[in-house]
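Both backbone and side-chain heavy atoms feed into the values below; hydrogens, waters and symmetry mates do not.
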Amino acid sequence: MDRHHPPPSISHPQRPTVGVPETLDFPSQKSSGVGYGNTVEINFCVSCSYKGSAVNMKKMLETAFPGLDVILANYPAPAPKRLLAKVVPVVQMGVIGIIMGGEHIFPMIGITQPPAWYYSLRANRFGSMASTWIIGNFLQSFLQSSGAFEVSCNGELVFSKLKEGRFPGEIELRDVISRTVTKPFVTGSY
């Protein structure tokens with residue numbers, strides 16, 4: 001007795017078709033939220049490996065203040081340090097070139113007798129080149145770093161690692177941003 005029964009029919013109410021297209025709800029289209037219309041800029045030292053901290057702070061702020069626009073950017077070192085950082089690789093290659101080139105390079109640049117330090121570098125070529133490379137890279141990294149983690153809200157600096165000498169705590173930063181975002185804006189006063 002093998003009978004197949006048709007499935008029971010379930011009636012679904014018909015939806016009326018309306019000529020208005022349905023809009024999708026994208027986060028960028030939302031105009032509500034505590035942070036809407038406000039911008040936070042986090043300028044940090046990229047060569048100091050502060051990007052992870054900046055990304056964590058960005059996620060925390062975007063979660064705490066829906067609609068807040070958080071911008072991450074590099075805070076460059078001062079111009080003189082950046083320029084010196086560009087000179088370091090040239091000096092590195094020059095020293096390594098002198099070690100590899102031998103005594104023949106000095107007459108080409110107008111020095112008849114190689115200086116005494118040249119012979120000590122030449123005595124241990126590999127050690128001298130490795131030391132030049134390592135010290136040069138360390139110096140270049142130091143010159144490119146600013147050590148900054150600066151946070152601005154709507155153009156107003158609210159935290160500076162350069163002034164404070166420390167990173168902001170997540171709760172501290174959230175509270176400072178909250179006070180700045182909810183600060184009443186007075187129009188017409190100059």
Are side-chain heavy atoms of [X] and [Y] found at a separation under 4.5 Å?
X: Ser152; Y: Phe159; value: no
X: Thr112; Y: Phe106; value: no
X: Arg122; Y: Pro114; value: no
X: Asn137; Y: Ile135; value: no
X: Glu41; Y: Asn43; value: yes
X: Leu143; Y: Val88; value: yes

Taking 4.0 angstrom as the limit, do Glu172 and Arg166 come out as a salt bridge?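 Judged by the 4.0 Å cut-off on N to carboxylate O distance, Glu172 and Arg166 do form a salt bridge.
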Looking only at heavy atoms, which two atoms of [X] and [Y] are closest? And how far apart?
X: Val70; Y: Ile42; value: CG1-CD1, 4.1 Å
X: Pro89; Y: Lys86; value: CD-O, 3.4 Å
X: Val151; Y: Leu157; value: O-CD1, 3.5 Å
X: Met129; Y: Ile96; value: SD-CG2, 3.7 Å
X: Arg174; Y: Phe65; value: O-CZ, 3.5 Å
X: Val158; Y: Cys153; value: CG1-CB, 4.1 Å

Distance in Å, [X] [atom1] paired with [Y] [atom2], rounded so as to fall on 0.5 Å steps:
X: Gln140; Y: Leu84; atom1: CD; atom2: CG; answer: 11.0 Å
X: Leu61; Y: Asn56; atom1: CG; atom2: CG; answer: 11.0 Å
X: Ile98; Y: Ile105; atom1: CD1; atom2: CD1; answer: 6.0 Å
X: Thr63; Y: Lys58; atom1: OG1; atom2: NZ; answer: 11.5 Å
X: Leu162; Y: Cys45; atom1: CG; atom2: SG; answer: 9.5 Å

Is there a chain of hydrophobic side chains (I, L, V, M, F, W, Y, each step under 4.5 Å between heavy atoms) that links [X] to [Y]?
X: Leu121; Y: Ile111; result: yes
X: Leu139; Y: Trp133; result: no
X: Val55; Y: Val46; result: yes
X: Val91; Y: Met93; result: yes

Looking only at atom types and distance, does a side-chain atom of [X] sit under 3.5 Å from a main-chain N or O of [Y], one as donor and one as acceptor?
X: Asn154; Y: Asn38; result: no
X: Glu150; Y: Phe44; result: no
X: Ser128; Y: Asn124; result: yes
X: Ser131; Y: Gly127; result: yes
X: Lys81; Y: Ser145; result: yes
X: Ser120; Y: Trp117; result: yes

Does atom [atom1] ([X]) have a neighbourhood of more than 12 heavy atoms from anything else shown, all under 6.0 Å?
X: Tyr75; atom1: OH; answer: no
X: Tyr119; atom1: OH; answer: yes
X: Met100; atom1: CE; answer: no

Quick one: does NZ or CZ of Lys161 land under 6.0 Å from the six-membered ring centre of Phe167, within 45 degrees of the ring axis? yes
Classify the angle between the aromatic ring planes of Phe149 and Tyr50 as parallel (below 30°), tilted (30 to 60°) or perpendicular (above 60°). perpendicular
Using the side-chain contact (heavy atoms from CB on, under 4.5 Å) rule, take Leu68 and Val40 through it: C-alpha gap first, then chi angles, then the decisive distance, then the call. CA-CA 7 Å; Leu68 184 69; Val40 171; 3.8 Å; yes
Out of Thr180, Leu173, Asp175, which residue meets the side-chain contact (heavy atoms from CB on, under 4.5 Å) rule with Ile177? Leu173
Scan side-chain atoms only and decide if Thr132 and Gln92 contain a donor-acceptor pair under the 3.5 Å cut-off.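 No, because no side-chain N or O of Thr132 sits under 3.5 Å from a partner of the opposite role on Gln92.
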